[in-house]
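Let me begin by presenting the structure, written as structure tokens, before commenting on it.
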Protein chains: 2
Amino acid sequence: MENITDKKRAIFESTLVLVKEKGFHGTPMSQIAKNAGVAAGTIYHHFDSKETLILELYSYIRDKMLDAMLQLDNEAMNYKDRFFNFWISHCLFYIKNPNALFFMEQFVNSPYSNRDPLQDNERFQNTFRDLIKTGVETGVLKSVNSLILSALIHGTIVNTAKIHLCRRINMGQAELQQIVELIWDGMRNIPNASKV
Amino acid sequence: MENITDKKRAIFESTLVLVKEKGFHGTPMSQIAKNAGVAAGTIYHHFDSKETLILELYSYIRDKMLDAMLQLDNEAMNYKDRFFNFWISHCLFYIKNPNALFFMEQFVNSPYSNRDPLQDNERFQNTFRDLIKTGVETGVLKSVNSLILSALIHGTIVNTAKIHLCRRINMGQAELQQIVELIWDGMRNIPNASKV
DNA sequence: GCTTCCCAAATGAACGTTCATTCGGTCGGC
DNA sequence: GCCGACCGAATGAACGTTCATTTGGGAAGC
């Protein structure tokens with residue numbers, strides 16, 4: 001029942017795991033091939049080069065994440081619940097897919113991410129940004145540049161997942177909830193807030 | 001008037017710039033040497049290997065950062081001011097030393113950072129953690145695991161600096177101040193906070 | 001003061017390895 | 001028998017590292 005796509009996926013998964021463990025530099029194409037159960041040459045039937053493979057893997061992961069996000073989002077919820085739901089489900093996605101998280105983190109901090117226009121990256125960022133923008137415009141969130149706000153919030157999500165995964169700090173639903181509350185307290189607009 | 005240390009520093013600086021631009025993988029020793037104005041072999045008089053060079057550069061940067069932090073900290077301040085001062089000066093350090101920031105970010109997301117015990121890394125993390133711990137213990141900050149809190153806050157600092165450096169969002173003292181306020185609102189303990 | 005010797009610092013061509021990529025060939029479906 | 005998918009040994013370039021050699025300056029001997 002193995003078709004073309006399955007082989008491609010095997011290559012993707014193999015690359016993902018190896019890059020997480022060894023970094024881009026430390027993962028030879030030969031080992032990607034071996035772990036994927038294919039020959040070295042086969043990779044070049046599916047991808048032009050190692051760089052292309054990495055770039056396409058990035059898009060692949062990004063799309064998988066976007067799907068997961070959109071599936072869990074519920075526009076009918078009130079804003080706070082939607083914010084919480086979004087934050088937590090996003091965070092849980094990272095926690096459940098550590099390979100994806102570490103790959104993404106390495107990727108965005110590498111020269112790969114600057115070579116490509118990454119234009120359709122926009123769709124991913126916008127999904128998130130729109131939620132924040134709505135919050136700012138309706139006065140639920142603080143009146144801060146929504147680009148800055150969404151980047152900050154995304155940072156807290158990634159960070160929380162990393163803390164959970166790297167340090168040995170037990171972090172269940174309760175702790176996650178505590179952290180979102182904290183983020184929310186920072187981001188939300190406090191009408192009666194006038195002090196020196 | 002050039003002594004041993006100057007050569008080492010030249011190698012460090014050269015590595016820092018190249019790693020930022022091209023990543024660990026993309027910076028050959030030969031180019032590090034060329035940009036530092038030394039011969040390839042010279043690097044090996046000062047460092048055992050490329051890995052050692054990277055590891056030592058990491059320590060070098062970390063210590064420079066620690067010095068900058070400690071110099072600006074003022075234990076006599078009241079807690080909130082001290083928190084703000086710390087956050088902002090830390091953030092400004094990153095903004096003024098983008099090469100250091102991007103190097104560190106690449107480093108911690110690379111396999112290098114797991115190979116080494118990094119025991120004296122503790123001293124760096126503790127400086128920050130102690131400030132947060134004090135806040136939690138005196139009830140100024142929310143009663144959350146201080147390890148988590150300090151990691152979260154450090155994340156916001158790094159993130160803010162990156163937003164400033166990567167996106168073209170103008171971010172002066174005023175915007176920075178706005179962001180710390182926001183972080184502070186999230187982290188501080190709100191005594192009369194009981195709601196559902 | 002001059003010469004000699006010494007050694008650490010520095011050099012850069014050469015080496016051996018590793019790795020991305022290529023290519024001639026096999027196999028199975030149509 | 002043709003075609004696309006797949007294989008894996010072969011290739012060649014790039015890279016980290018080595019080493020025989022040069023350089024420069026300071027100490028010792030006279």
Nearest-angstrom distance from the residue atom [atom1] of [X] to [atom2] of [N]:
X       : N      : atom1 : atom2 : answer
B:Phe47 : C:dA9  : CZ    : P     : 13 Å
A:Lys34 : D:dC7  : NZ    : C1'   : 15 Å
B:Ile32 : D:dC15 : CD1   : C1'   : 12 Å
B:His25 : C:dA20 : NE2   : P     : 7 Å
B:Lys7  : C:dA10 : NZ    : C1'   : 7 Å
A:Ile43 : C:dA20 : CD1   : P     : 9 Å
A:Phe24 : C:dC19 : CZ    : P     : 16 Å

Under 3.5 Å donor-acceptor, B:Ser49 side chain and B:Thr52 backbone: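 Yes, the answer is positive, given that a donor and an acceptor are paired below the 3.5 Å cut-off.
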B:Phe12/B:Phe47 under ring pair (Phe, Tyr, Trp, His ring centres under 6.0 Å): CA gap, chis, key distance, verdict: CA-CA 11 Å; B:Phe12 275 154; B:Phe47 307 95; 5.5 Å; yes
Beyond-backbone contact of A:Tyr58 with A:Asp63, side-chain heavy atoms, under 4.5 angstrom: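 Of all side-chain heavy-atom pairs linking A:Asp63 with A:Tyr58, none is under 4.5 Å.
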A:Lys64 bridged to A:Asp67 by N-O distance under 4.0 Å: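 Not counted as a salt bridge, because no side-chain N and carboxylate O are separated by less than 4.0 Å.
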A:Glu181 bridged to B:Lys142 by N-O distance under 4.0 Å: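 Not counted as a salt bridge, because no side-chain N and carboxylate O are separated by less than 4.0 Å.
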Qualifying ring pair (Phe, Tyr, Trp, His ring centres under 6.0 Å) pairs, either residue in residues 138-166 of chain B, two or more places apart: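 Counting only pairs at least two positions apart or across chains, the ring pair (Phe, Tyr, Trp, His ring centres under 6.0 Å) contacts touching residues 138-166 of chain B are B:His90-B:His154.
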Candidates D:dG16, C:dT11, D:dC7 - which lies nearest the side chain of B:Pro28: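 My answer, after comparing the listed nucleotides, is D:dG16.
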From C:dT11, C:dA10, D:dC6, nucleotide with atom closest to B:Ala39 side chain: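 The answer is C:dT11.
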Distances under 3.5 Å only, N/O to N/O: pair up the protein atoms with those of nucleotides 21-30 of chain C.
{"unit_1": "C:dT21", "atom_1": "OP2", "unit_2": "A:Tyr44", "atom_2": "OH", "d": "2.7"}
{"unit_1": "C:dT21", "atom_1": "OP2", "unit_2": "A:Lys50", "atom_2": "N", "d": "2.7"}
{"unit_1": "C:dT21", "atom_1": "O5'", "unit_2": "A:Tyr44", "atom_2": "OH", "d": "3.4"}

Sugar-phosphate only, base, or nothing, as touched by A:Thr52 at under 4.0 Å among non-hydrogen atoms: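 Answer is nothing: A:Thr52 stays at 4.0 Å or more from every strand.
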